[in-house]
Peer 1: 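A single structure is presented below for examination.
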Amino acid sequence: MRILVTGGAGYIGSVITEELVARGHDVAVFDNLAKGHRDAVVEGAAFLQGDVLDGEALRGAFRTYGVEAVVHMAADSLVGESVGNPGKYYRSNVVGGLTLLDAMRDAGVGRIVFSSTAAVYGEPNKQPIEEDDPLAPTNPYGETKLAFERALAWYERAHGLSHVSLRYFNAAGATDRCGERHDPETHLVPLVLRAALGEAGEVVIFGDDYPTKDGTCVRDYIHVRDLAHAHVLAIEAIGAGRAKSRVYNLGCGGRGYTVREVIDAARDVTGRPIPARVGPRRAGDPAVLVASSTRIERELGFRPRHQDLAEIIGSAFDWMLARRRRGGARPAA
Ligand code: UDP
């Protein structure tokens, strides 16, 4: 299939692009490089620098590449930032998303896989979370992702769009080529590994008074490779007309780890001390977020292949070390 990946130069998008190319698809990456990296785009994929707010550029990309389906990753995705700057999130995630959908409609591109988020559930009242559980986002990030999910359903009704939304839980890990490099970095696994390398100070644990086994938050960490594989399954299923328009949770099969467990696993994997101290809670953090992945397993045959936390953390660490050997790492802030 000829597939356009918006945001395909970012952390998760670059792994999805890698996986799609390996499966023999023709991939074009469309990314404004605000947060992505040109060198993260695998050889074999075309690259076009552009913004999803630019409908003309999108229509041009659809024509040039004869696009048949879209994987839509381009977004702003930091919860804290979204609370302080909601307009930015409405613009990128809603206005940008609608610009993309209109360009798709104009070009007759009728299939999309959308990168959504567990943040659409807000503070869930039960675990593991199922797709039909209440949707009550507690921040503009989750709200804008949900708004786009809902737009997809209306575009389906009006224009026959086929769509799959994948609600990600916590992506982590790396492939040989692609790993996490945000600036500033806010995610737990890369911060813990930077601390292990002595590049960041101590890890601050955001609260240890949650109702969990050790008082720290529980999250469902999924290897970015498994996450990418789910996109391949989704796009191939809608491409072949096998999938109905659908929403799926995307986690690691029903179990989660506390922040302390992640830090301990990283100490084991790296063999290095990782200094950590407890700080205040971070605003907007639910105590536990664990996915039920039953639906995607049943309907798309998804099975996570890299569930072991040590493997997930180890792959991220290997990638960081290799990048530093090549001289590509920037010192941590
Ligand atoms: N976390 C932490 N210290 C940090 C970064 C994150 O304790 O410096 C916690 C955070 O509160 C959450 C978990 O680690 O419970 C995962 O956070 P991350 O930002 O990686 O992903 P999120 O769950 O926000 O998508």
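As the structure lists them, so they are numbered: ligands from 1, and atoms in each ligand from 1. Every heavy atom of this structure was used, including side-chain atoms; hydrogens, water molecules and symmetry mates were not.
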Peer 1: Could Glu131 and Arg246 be called an ion pair, given the rule that one side-chain N must be under 4.0 Å from one carboxylate O?
Peer 2: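 No, no charged N to carboxylate O under 4.0 Å.
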Peer 1: Test Ile112 against every option in Leu100, Ile238, Leu4, Val71 by the side chain to side chain contact (heavy atoms under 4.5 Å, CB included) rule and name the one that passes.
Peer 2: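 Output: one option passes, namely Leu100.
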Peer 1: Considering only Ile, Leu, Val, Met, Phe, Trp and Tyr, and joining two whenever side-chain heavy atoms are under 4.5 Å apart, list the other residues clustered with Val290.
Peer 2: Val218, Val288
Peer 1: If the threshold is 4.0 Å, N to carboxylate O, is there a salt bridge linking Arg59 and Asp106?
Peer 2: yes
Peer 1: Answer yes or no on whether Arg219 is positioned over the face of Tyr221, meaning its NZ or CZ is under 6.0 Å from the six-membered ring centre and within 45° of the axis.
Peer 2: no
Peer 1: Tell me yes or no: between the side chains of Asp76 and Ser92, is some donor less than 3.5 Å from an acceptor?
Peer 2: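 The criterion, which ignores hydrogens and geometry beyond distance, is satisfied for Ser92 and Asp76.
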Peer 1: Pairs of nitrogen or oxygen atoms, one from ligand 1 and one from the protein, closer than 3.5 Å: please tabulate them with distances.
Peer 2:
residue	atom	partner	partner atom	Å
ligand 1	3 (N)	Val204	O	2.7
ligand 1	7 (O)	Phe206	N	2.9
ligand 1	11 (O)	Asp285	OD2	2.5
ligand 1	17 (O)	Arg282	NH2	3.4
ligand 1	19 (O)	Arg282	NH1	3.2
ligand 1	19 (O)	Arg282	NH2	3.2
ligand 1	20 (O)	Leu188	N	2.8
ligand 1	21 (O)	Asn170	ND2	3.1
ligand 1	23 (O)	Asn170	ND2	3.0
ligand 1	23 (O)	Arg219	NE	3.0
ligand 1	24 (O)	Arg282	NH2	2.7

